[in-house]
Asker: 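Please read through the structure below; I'll follow up with questions.
Throughout, a chain's letter reflects where its sequence line sits, starting with A, and its residues are numbered from 1.
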Protein chains: 2
Amino acid sequence: MTDDADTRARLLDAAEELFYARGVQAVGMDELRAASGLSLKRLYRCFASKNELVAAYLRRRDARWRADLAAYVTAHAATPDAAPLAVFDWLHAWFAAPGFRGCAFVNAVGELGPASADVTHAAREHKRALHAYLTGLVRPLGVADPAGLATQLAILVDGAISNAALTADPCTAPQARAAAHTLLTTTPHT
Amino acid sequence: MTDDADTRARLLDAAEELFYARGVQAVGMDELRAASGLSLKRLYRCFASKNELVAAYLRRRDARWRADLAAYVTAHAATPDAAPLAVFDWLHAWFAAPGFRGCAFVNAVGELGPASADVTHAAREHKRALHAYLTGLVRPLGVADPAGLATQLAILVDGAISNAALTADPCTAPQARAAAHTLLTTTPHT
DNA sequence: TACCCTAGAGAACGATCGTTCTCACCGCCA
DNA sequence: TGGCGGTGAGAACGATCGTTCTCTAGGGTA
């Protein structure tokens with residue numbers, strides 16, 4: 001058995017679950033070995049170091065998080081106007097889900113921050129991609145400044161996540177949704 | 001010399017600088033000893049464990065952070081209407097300050113989270129106090145739902161902090177301020 | 001059957017962690 | 001002057017970390 005895609009997936013599954021639930025530094029490589037069922041040798045053949053594994057964990061989580069969000073929005077938004085608000089409905093469900101513990105990228109940067117350039121880069125890429133997605137959602141609405149409005153929505157998204165993580169109250173999401181609704185209806189149109 | 005207030009202050013100064021800059025787990029007790037100039041014995045007489053020191057660091061940072069914010073707002077807000085917006089001007093200056101690295105409480109909870117009840121409690125108290133402060137700022141404006149509006153403003157504050165921390169762009173603050181302005185002017189009044 | 005390459009299990013390693021202990025030393029009261 | 005309680009400096013301790021190494025076992029090929 002070489003380090004094929006299935007092996008990587010199993011390892012990343014274990015890494016995501018443990019890293020997100022307890023933080024990066026609180027999870028040791030031996031625990032990852034036990035959770036993934038792999039041997040240490042294969043683990044280190046997939047990722048040469050813990051840093052690489054952490055970076056891969058963040059990259060995959062970014063892709064999956066945004067794919068889940070986009071799938072929900074396209075499934076639940078009947079009209080283009082409803083799409084930006086559906087983002088906050090998805091957040092509401094996420095906040096209430098067991099194991100929710102805030103933004104994995106904010107947590108990772110707060111924990112490792114300046115010590116790991118890979119983590120900082122992955123987090124920055126995540127936020128940039130989210131902003132681009134939100135810009136795409138508001139552009140069809142014919143607003144005057146899609147990028148600026150997307151930035152304001154992104155601030156609401158991040159704020160809702162942080163607030164929900166600290167207060168453990170999922171109802172932060174409806175409040176953020178209401179604020180987004182206000183911003184969307186009062187922003188100037190072309 | 002006993003563990004008087006000056007000793008505690010020096011230790012907490014060092015702890016705040018190091019914990020905030022590099023994360024809690026990345027800073028060892030020996031480094032705190034070197035940075036504070038205290039001996040390990042006195043250090044452990046002030047705080048019986050690292051956990052207690054971390055909790056004290058967060059409590060003092062909460063008090064100072066909110067005092068600084070309140071002082072700025074009272075000094076720079078000419079009218080009650082300007083007060084909530086002044087919050088975001090203060091954030092703007094903070095984001096641009098050297099060493100800014102996001103919300104200390106979000107970072108600490110993300111790093112230690114479920115493993116430390118004291119940290120979670122301190123962070124929750126911080127957010128609760130901020131919400132109470134914002135409620136006090138919007139109440140004189142005669143809005144219909146001061147607490148709800150304060151929650152929305154708190155979401156903007158947290159979102160601006162997270163965004164600025166990840167993107168290293170202080171201009172998140174003006175965008176959050178603009179969003180706050182929209183919310184303030186369109187909220188129903190009594 | 002004999003050989004060899006690889007994999008798994010886990011011991012080993014050096015570093016570092018939080019915490020405690022040792023020990024020489026100093027100011028203080030009798 | 002002579003003990004004495006408390007101090008600072010740092011060694012020591014057990015635990016745990018990320019990473020590497022050893023050793024054994026097994027399966028494919030000639």
Asker: Quick one: sort the A:W65 and A:W90 rings into parallel, tilted or perpendicular, breaks at 30° and 60°.
Answerer: perpendicular
Asker: What is the separation between atom NZ on A:K41 and atom P on D:dT22, rounded to the nearest whole Å?
Answerer: 11 Å
Asker: Atom CG in A:N163, atom CG in B:D158: separation rounded to 0.5 Å?
Answerer: 4.5 Å
Asker: When the nearest nucleotide of DNA chain C is assigned to B:D30 and to A:R33 on a heavy-atom basis, which residue is associated with the more 5' position?
Answerer: A:R33
Asker: So that I can tick it off, tell me whether B:R59 and B:D62 are bridged by a salt bridge, with the cut-off set at under 4.0 angstrom between side-chain N and carboxylate O.
Answerer: no
Asker: Separation of A:L40 atom CG from D:dC23 atom C1', in whole Å?
Answerer: 15 Å
Asker: Rounded to the nearest angstrom, tell me the gap between atom NZ in A:K50 and atom C1' in D:dT16.
Answerer: 11 Å
Asker: Rounded to the nearest Å, what distance is computed from the CE atom of residue B:M29 to the C1' atom of nucleotide D:dA12?
Answerer: 17 Å
Asker: Does any non-hydrogen side-chain atom of A:V119 lie less than 4.5 Å from one of A:F105?
Answerer: no
Asker: Less than 4.0 angstrom from a charged side-chain N to a carboxylate O is my criterion; do B:R33 and B:D30 meet it?
Answerer: yes
Asker: From D:dT19, C:dG8, C:dT19, pick the nucleotide closest to the side chain of A:R42?
Answerer: C:dG8
Asker: How far does the helix from C:dT1-D:dA30 to C:dA30-D:dT1 bend, going by the axes of its first and last five pairs, to the nearest 10°?
Answerer: 30°
Asker: On DNA chain D, compare the nucleotides closest to B:L38 and A:S49; which residue's is nearer the 5' end?
Answerer: B:L38
Asker: Could you check which of C:dA9, D:dG18, C:dT19 has an atom nearest any side-chain atom of B:Y44?
Answerer: C:dT19
Asker: Whole Å only: how far is the CG atom of B:L43 from the P atom of D:dA9?
Answerer: 13 Å
Asker: Quick one: A:E31 CD to D:dC17 P, roughly how many Å, whole number?
Answerer: 8 Å
Asker: How many Å lie between CZ on A:F47 and C1' on D:dT20, as a whole number?
Answerer: 19 Å
Asker: Taking the six-membered ring of B:Y20, is NZ or CZ of B:R61 closer than 6.0 Å to its centre and within 45° of its axis?
Answerer: yes
Asker: Could you tell me how far apart B:Q25 (CD) and D:dG18 (P) are, to the nearest whole angstrom?
Answerer: 11 Å
Asker: OP1, OP2 of D:dT7 versus side-chain N and O of B:R45: anything below 4.0 Å?
Answerer: yes
Asker: Between A:T135 and A:A150, what is the shortest heavy-atom contact and its length?
Answerer: OG1-CB, 3.2 Å
